[in-house]
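Convention: sequence-line order gives letters A, B, ...; per-chain numbering from 1. Only this structure's heavy atoms are used, side chains among them; waters, hydrogens and symmetry mates stay out.
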There are 2 protein chains.
Amino acid sequence: MKIEKEDLDQTACTVHHLAIRDTMELLSGKWKLRIVGSLSFGKKRFMGLKANIDGIAAKMLSKELQELELNGLITRTVLNTKPTTVEYELTAYGHSLKPVIDVIADWGTQHRKKIIDEMKL
Amino acid sequence: MKIEKEDLDQTACTVHHLAIRDTMELLSGKWKLRIVGSLSFGKKRFMGLKANIDGIAAKMLSKELQELELNGLITRTVLNTKPTTVEYELTAYGHSLKPVIDVIADWGTQHRKKIIDEMKL
DNA sequence: TTTCATGGTTTCCTGTAGGTAACCGGTTTC
DNA sequence: GAAACCGGTTACCTACAGGAAACCATGAAA
């Protein structure tokens with residue numbers, strides 16, 4: 001049985017697809033990438049995140065944080081303060097997403113420039 | 001008025017957020033990234049894409065392709081064949097997404113490895 | 001003349017993502 | 001004892017993303 005170039009492409013392509021799907025599933029939802037992006041600037045508390053991420057409701061923030069923690073991307077630390085404060089921080093694994101976030105943010109930045117330039121014409 | 005480090009962080013962070021949101025809006029939906037990923041291997045026809053992207057329905061493919069074309073990421077070329085065939089191809093701008101796709105696919109690949117390794121324990 | 005292929009569109013239906021708003025428990029401050 | 005702050009949870013609601021299946025026009029082939 002001969003292996004055609006098409007087959008190789010097909011295989012490479014399938015793996016590619018699986019990988020993309022995996023990443024996007026982990027980062028699914030409107031807010032996860034934003035939360036990770038926010039935390040990539042340093043650890044933050046619940047209210048800090050809520051203030052930092054414009055428009056997010058407490059319910060969503062709490063839910064998304066739980067999923068991120070389940071997936072080992074962030075840690076949740078309850079501090080012994082009064083009133084109780086909770087710190088969220090990227091794990092090492094969470095930090096491994098930095099290249100992903102950065103390249104997405106970079107593309108978005110230059111895309112926004114392009115759109116603005118086009119408006120000026 | 002003094003500019004604090006926090007303010008700078010805040011500004012950097014806001015821009016970051018906008019950029020992330022912009023990119024993700026363009027690539028929103030379950031299939032767009034997969035379509036672009038598929039086309040990054042070379043131009044394809046409608047049926048080729050449908051076969052290549054496991055599970056996508058014609059309706060979704062057609063809809064997503066329209067949006068991608070509107071955003072200038074792909075071109076649609078109707079060929080003078082019988083039966084009519086249509087070629088979809090990434091534009092130069094679409095190709096500029098390659099680093100984004102690649103880094104997402106790379107992360108997904110190593111994430112999948114990690115999960116499999118953890119299962120072996 | 002019936003069937004097959006291409007590249008779709010249309011209709012119908014459903015799950016769920018995500019929004020709003022009220023509420024909660026513990027603690028400190030007024 | 002009322003109000004405020006933190007970090008949530010709960011209940012309720014709905015718009016829309018997305019799936020399934022049927023349908024359509026064109027033309028070639030059988």
Identify whether [X] and [Y] are in the same connected component of the hydrophobic contact network (ILVMFWY, side-chain heavy atoms under 4.5 Å).
X      : Y      : answer
B:V36  : B:V103 : yes
A:W107 : A:I115 : no
B:L33  : B:Y93  : yes

Between the protein and nucleotides 18-20 of chain C, which nitrogen or oxygen pairs are less than 3.5 angstrom apart?
unit_1 : atom_1 : unit_2 : atom_2 : d
C:dG18 : OP1    : A:K30  : N      : 3.0
C:dG19 : OP1    : A:K30  : NZ     : 2.6
C:dG19 : OP2    : A:W31  : NE1    : 3.4
C:dG19 : N7     : A:K59  : NZ     : 3.2
C:dG19 : O6     : A:K59  : NZ     : 2.1

Item to check | Nearest-nucleotide 5' precedence on DNA chain D, A:A58 against B:K82 | outcome: A:A58
Next on the checklist: If you assign each of A:Q66 and A:P83 to its closest nucleotide in DNA chain D, which residue comes earlier from the 5' end?
Outcome noted: A:P83
Next on the checklist: Looking only at the side chain of B:R45 (C-beta and beyond, no hydrogens), which of the listed nucleotides C:dG7, D:dG8, D:dG7 gets closest?
Outcome noted: C:dG7
Checklist outcome for this item: Atom CE of A:M24 and atom P of D:dG18 are separated, to the nearest Å, by 12 Å
Checklist outcome for this item: Rounded to whole Å, the CD1-P distance (B:I35 to C:dG8) equals 12 Å
Checklist entry - Using a cut-off of less than 4.0 Å, is there contact between a side-chain N or O of B:Y88 and OP1 or OP2 of C:dG8? => result yes
Checklist entry - So, is B:S62 close to the C:dT9 phosphate, meaning a side-chain N or O under 4.0 Å from OP1 or OP2? => result yes
Checklist entry - So, for B:G108 and A:D22, which heavy atoms are closest and what is the spacing to 0.1 Å? => result O-OD2, 4.2 Å
Next on the checklist: How about NZ on A:K98, more than 12 heavy atoms from neighbouring residues, nucleotides or ligands closer than 6.0 Å, or not?
Outcome noted: no
Item to check | Close side-chain approach of B:L97 and B:L26, heavy atoms under 4.5 Å | outcome: no
